[in-house]
Amino acid sequence: MKAELAKVYAHADVEQKWYRVWSEAGYFQPFRPEAEPFSMVIPPPNVTGSLHMGHALNNTLQDILCRYKRMDGYNVLWVPGTDHAGIATQNVVERQLAQRGLTRAQLGRERFIEQVWAWRAEAGSAILHQLRALGVSCDWSRERFTMDEKLSRAVREAFVTLWNDGLLYRAQRLINWCPRCKTALADIEVVHEEVDGHLWHLRYPLWDDPQAGVVVATTRPETMLGDTAVAVHPQDERYQRLVGKEVRLPIVGRRIPIIADPFVDRAFGTGALKITPGHDFNDFDIGEKHGLKKISIFDDEARIAPEGFKGEGGESDWLRRYAAKDRFAARELVVQELAAAGLLEKVTPHRHALGRCYRCQTVVEPYLTPQWFVRVKPLAGPAIEAVRDGRIRIVPEGWANSYFAWMGDIKDWCVSRQIWWGHQIPAWYCRGCNAACLAGDAHGAFIPAKAKPVVRHEPPARCPECGGAEFVQDPDVLDTWFSSALWPFSTLGWPEKSADLATFYPTSVLVTGFDILFFWVARMIMMGLKFMGDVPFRTVYIHALVRDQEGQKMSKSKGNVIDPLAVMARYGTDAFRFTLAAMAALGRDIKLAEDRIAGYQSFINKLWNATRFVLMNSGNVERLGDDSLSSLRAEKLNLADRWILSRLARAVRATRGALDSYRFNDMAHELYQFTWHEYCDWYIEMSKLSLSGALGDSAAKTARVLRAVLREIVLLLHPIAPFVTEEIWQALRGEGAEIKDAPSAKASVMVQPYPEEDPGWIDEEAEAKIGFMSEVVRAIRNLRSEIGLPPAAEVKVVLSGSDEELGLLREQEPYLGALARLSAVEYGGEPPKSALTAVVGSTEIYLPLAGTVDLDGEAARLAREVDKIAAELERVRRKLSNREFLAKAKPQVVAKEQEKSQELEEKLTALHRSLEKIRELQAPV
RNA sequence: GGUCGCAUAGCUCAGCUGGUUAGAGCGCUUGCCUCACAUGCAAGAGGCCGUAGGUUCGAGUCCUACUGCGACCACCA
């Protein structure tokens with residue numbers, strides 16, 4: 001036996017020690033090739049990231065599942081890794097360069113990418129080390145990064161296959177452009193936000209009658225420079241005669257037609273709509289329909305670009321005033337000039353949605369550029385089907401609705417990005433064939449959409465068309481989420497037919513937050529079905545967001561961020577994990593307050609002290625032998641033993657049930673309740689009598705029950721609180737125990753079998769008897785506390801009631817005496833002259849006191865109790881006399897009510913007796 | 001504009017398929033350093049389960065409307 005354990009659990013010493021031991025002994029790797037697999041892939045955090053509450057929750061839940069399944073005999077694999085996070089990472093490195101006064105353009109593509117790799121090597125996997133502090137049992141030997149050579153190969157394979165299958169195309173389209181990141185974004189990468197803006201009413205004079213004109217309303221006056229038409233509704237009487245005429249575009253002088261299109265809302269603004277096909281999605285569609293020119297008025301930073309106006313009115317000198325002005329400056333100038341020309345009719349306040357870049361919050365600009373698109377519709381169908389037919393289960397189910405809604409009207413996915421950090425698109429253009437297109441092969445310029453790409457894994461040696469050998473690779477890289485979409489199988493070795501893929505795909509569960517349901521989950525499903533022919537995971541568990549205690553999203557700018565590492569250092573990782581699990585109710589956000597964590601730290605400490613008690617009274621396993629539950633079958637168990645074992649059996653059932661249905665909070669609460677309020681509060685207290693010989697039963701037997709139950713608690717808790725449970729487990733095993741063996745040697749708590757429900761231990765009789773006794777104890781404690789009796793003072797009680805109940809209590813008198821601190825118990829005797837009274841079941845309890853009792857107060861208290869019970873009884877009786885209730889309710893419900901009725905009657909009778917006795921005593925006054 | 005979710009004790013929340021006296025943690029009040037634990041022990045106060053209807057023998061639990069929050073989606077200038 002080692003030196004006595006400290007009174008307070010010192011988490012800091014314990015955590016690092018065990019994590020290293022587990023890791024070195026190979027416990028994190030799959031080690032049961034013959035068993036059923038259970039696999040997960042981590043949602044890869046950004047390499048740039050550092051651990052925040054969202055990661056902590058996400059990975060705690062995953063680890064709970066993994067540890068549970070590992071203990072339960074599965075062949076468990078949890079693949080860790082990181083995401084290269086294209087735009088986000090590039091932004092971080094660019095900021096660092098900026099501090100040294102450098103831009104990426106100055107460095108050039110190659111050197112810039114080198115910089116990113118260097119940065120990643122230095123700080124890149126910090127987050128994975130932070131995750132280790134959480135205790136996650138990932139298989140670090142299989143760590144992956146989306147830019148690994150093998151994963152990059154998977155990306156190329158996927159890209160080429162999609163191209164060959166006609167699911168990928170390149171086209172000149174209006175896309176969302178971030179003028180700060182200078183790249184295209186996918187639709188979902190634009191965050192819409194309502195803002196208070198203005199509606200400017202602009203007058204465009206008619207070409208052949210400048211005195212007349214048409215007034216259009218717009219939120220973006222600066223785009224008028226690119227207008228190529230004005231549209232009105234075909235049935236709009238106000239404008240019908242103008243259709244077919246032309247207007248003179250102010251400032252620019254362009255001659256543009258007035259067209260009719262039913263898209264126009266007659267009720268909005270003036271009913272006349274300026275059409276800017278180059279900078280508005282609706283206008284683009286209308287432009288396509290009517291064959292209008294699309295003028296791109298901006299450069300890639302959303303500044304007025306003269307090149308766009310060639311032959312479109314850019315010849316006159318107005319352009320000199322506008323060239324290189326950014327959007328907002330151009331807007332001011334347009335408004336100012338129109339006002340000066342008397343063409344600004346009015347300005348009204350207008351609330352509308354503004355799209356911003358999800359990475360840098362810059363207002364996005366619809367921008368006409370050649371981009372790569374994935375044709376998503378053919379992929380979405382099977383992905384919807386997989387969820388609909390249950391091959392993939394979404395938990396909680398509610399999220400399936402969002403999934404269907406989004407997948408149902410999904411648009412083609414723009415996957416090209418004009419940044420450098422990422423998987424460069426495996427497409428090459430033959431200089432010979434595309435000579436005209438590639439002429440302006442200047443730095444950063446787009447390769448026109450009409451250029452013909454050769455799409456393949458490796459650079460082509462010869463052009464299949466002309467035999468030329470000179471190529472230029474497409475400069476774009478792929479959307480980060482393109483590689484993320486392959487994660488469940490690329491990490492397992494795809495496109496190779498690897499053993500891991502055969503064993504662990506489809507993965508079992510994906511645990512993630514709802515914020516990336518569309519970004520990631522939906523796309524993994526589509527790609528998994530496309531490339532693997534099977535779903536990427538069988539269950540998706542979607543957890544909530546962690547917010548601060550006011551319900552605000554945690555963010556650095558608000559300064560309300562709680563740092564998980566600081567929390568772990570302060571309260572212990574187990575307490576932190578327990579808190580997260582306890583608060584992870586299905587479908588609700590988590591508002592995290594620090595005192596909750598402190599509360600669960602107390603729980604961990606309570607468990608620790610229960611262990612100290614058990615060890616002090618039992619010694620180690622070598623001395624006592626088998627400490628398994630089943631070994632207790634041979635023991636002569638007393639009522640308390642049977643009770644705790646019965647309660648334990650129920651706790652096991654509840655815990656497993658909760659885990660199997662992803663109800664982590666139920667699991668945590670169940671174990672908290674059982675450990676603290678049943679095992680510690682009652683069983684340990686009762687066991688003290690046996691241990692001291694007061695009951696005449698075996699102290700050694702009691703020690704073994706104490707140990708066996710604690711052992712089960714530790715096993716049940718291990719998935720939530722891995723560190724303290726290992727520390728306790730080893731302490732229970734005794735001196736010399738060390739984990740240095742392979743997992744199969746089962747030295748660690750990590751690989752013990754998870755407790756299984758054994759209905760054989762359920763003991764209704766013991767539960768009823770101890771339950772009754774404990775209620776009596778509580779009632780007596782209540783009476784004692786009412787008169788401020790010191791806990792140390794022992795008193796006598798007189799009990800009066802049915803033979804059956806008194807028998808029960810007599811049987812448990814030692815417990816009664818010890819737990820309620822009684823000097824003596826008298827059964828059925830004449831109640832004392834002056835006493836406090838209470839009723840439990842049909843038993844009257846009298847706590848005699850020498851003349852200090854406030855009889856009036858007591859009478860009033862009892863009268864209140866009588867009223868309450870009487871009212872309750874009345875309700876039950878009414879129910880029971882209702883014929884419809886008797887006819888329609890389930891028999892068990894009726895039986896229950898009848899039982900209740902009887903109990904209430906008995907209690908009421910007893911209460912009346914007590915009350916009468918008090919009244920008798922009052923009478924002489 | 002569309003869709004979805006939430007409103008239960010002072011605070012944060014459980015309450016899964018309708019049927020015990022509606023629970024927990026924290027906080028609060030009172031008394032205790034009782035030989036595992038003061039990160040503790042014991043006792044207690046505190047709730048017309050958002051409002052109004054409806055379904056049902058029976059509703060915190062199902063339906064409808066309303067009110068108040070919140071989230072997601074959306075190209076109406």
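Quantities reported herein were computed from a predicted structural model and do not represent experimental measurements. Lettering of chains follows the sequences in order, A, B, ..., and the numbering in each one begins at 1.
The CG atom of A:Leu816 sits 16 Å away from the C1' atom of B:A42 (whole-angstrom rounding). If you measure from atom CZ of A:Arg778 to atom P of B:G44, you get 9 Å, rounded to the nearest angstrom. Going from atom CE of A:Met667 over to atom P of B:C13 covers 22 Å, rounded to whole Å. The NE2-C1' distance, from A:His11 to B:U39, rounds to 11 Å in whole Å. If you measure from atom CG of A:Asp515 to atom P of B:C4, you get 21 Å, rounded to the nearest angstrom. Following rounding to the nearest Å, A:Asn882 (CG) and B:C57 (P) show an atom-to-atom distance of 9 Å.
Annotation for A:Trp682 and A:His677: closest pair CD1-O, 3.1 Å, computed over non-hydrogen atoms. Between A:Glu897 and A:Val876, the shortest heavy-atom distance links the atoms O-CG1, 3.4 Å.
In this structure, A:Arg878 does not reach the B:G58 phosphate: none of its side-chain N or O atoms is under 4.0 Å from OP1 or OP2. OP1 or OP2 of B:A43 lies within a sub-4.0 Å distance of a side-chain N or O belonging to A:Arg781. For A:His192, no side-chain nitrogen or oxygen approaches OP1 or OP2 of B:G2 to under 4.0 Å. Regarding contacts with the backbone of B:A42, every side-chain N or O of A:Trp682 stays at 4.0 angstrom or more from both OP1 and OP2. Dashed line: the shortest gap from a side-chain N or O of A:Ser402 to OP1 or OP2 of B:U3 is not under 4.0 Å.
Taking the P atom of each, B:U67 and B:C48 are spaced 24 Å apart, rounded to whole Å. A distance of about 13 Å separates the P atoms of B:G2 and B:A65, rounded to the whole Å. B:C37 and B:C32 are spaced 15 Å apart, taking the C1' atom of each and rounding to whole Å. Taking atom P on both nucleotides, B:U21 is separated from B:G40 by 33 Å, rounded to a whole Å. On the P atoms, B:C72 is 40 Å away from B:U29, given to the nearest whole Å.
Evaluated for a ring pair (Phe, Tyr, Trp, His ring centres under 6.0 Å) with A:Trp676, the options A:Tyr672, A:Phe674, A:Tyr679 yield exactly one hit, A:Tyr672.
The residue A:Asp283 sits apart from the nucleic acid: no heavy atom pair falls under 4.0 Å. Residue A:Phe284 is out of contact with every strand shown, counting any heavy-atom pair closer than 4.0 Å. At a threshold of 4.0 angstrom between heavy atoms, the contacts of A:Asp285 with the nucleic acid are absent.
The nucleotide whose nearest atom lies closest to any side-chain atom of A:Glu194 is, among B:A74, B:A36, B:G15, B:A74. Comparing atom distances between the A:Tyr672 side chain and each of B:A14, B:G25, B:A42 picks out B:G25 as nearest. In the set B:A36, B:A14, B:C37, the nucleotide with an atom closest to the side chain of A:Lys688 is B:A36. Of the candidate nucleotides B:A36, B:U39, B:G25, B:G25 has the atom lying nearest to any side-chain atom of A:Arg596.
Nucleotide B:C35 forms a pair with no other nucleotide shown, judged by Watson-Crick or G-U wobble geometry with both contacts under 3.5 Å. Across all strands shown, the partner of B:A7 is B:U67, judged by Watson-Crick or G-U wobble contacts whose two distances both fall under 3.5 Å. Using the Watson-Crick or G-U wobble rule with both distances under 3.5 Å, B:G47 pairs with nothing in any strand shown. The nucleotide B:C73 finds its pairing partner in B:G1, both defining distances of the Watson-Crick or G-U wobble pair being shorter than 3.5 Å. B:G18 makes up no base pair with any nucleotide shown, lacking Watson-Crick or G-U wobble contacts both under 3.5 Å. Pairing for B:G60 is absent, judged as Watson-Crick or G-U wobble with the two contacts each under 3.5 Å.
Counting heavy atoms of neighbouring residues, nucleotides and ligands inside a 6.0 Å radius, atom NZ of A:Lys896 does not exceed 12 of them. Summarising the local packing, CZ of A:Arg883 is surrounded by 12 or fewer heavy atoms from other residues, nucleotides or ligands at distances under 6.0 Å.
Between the A:Asp412 side chain and the A:Val376 main chain, a donor and an acceptor come within less than 3.5 Å of each other.
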For nucleotides 19-22 of chain B, give me every protein contact, N/O to N/O, under 3.5 Å, one pair per line with atom names.
from: B:U20; atom 1: O3'; to: A:Lys900; atom 2: NZ; distance (Å): 2.6
from: B:U21; atom 1: OP1; to: A:Glu872; atom 2: OE2; distance (Å): 2.2
from: B:U21; atom 1: OP1; to: A:Lys900; atom 2: NZ; distance (Å): 2.3
from: B:U21; atom 1: OP2; to: A:Lys900; atom 2: NZ; distance (Å): 3.2

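The base of B:A36 is paired with the side chain of A:Glu685 by a donor and an acceptor separated by under 3.5 Å. A donor and an acceptor atom never sit less than 3.5 Å apart when one is taken from the side chain of A:Lys7 and the other from the base of B:C37.
The side-chain tip of A:Lys294 points at the ring of A:Phe284 from less than 6.0 angstrom away and within 45° of straight on.
A salt bridge links A:Arg875 with A:Glu872: the distance from a Lys NZ or Arg NE/NH1/NH2 to an Asp or Glu carboxylate oxygen falls below 4.0 Å.
Rounding to the nearest 0.5 angstrom, the gap separating the CD atom in A:Glu193 from the NE2 atom in A:His352 is 10.5 Å.
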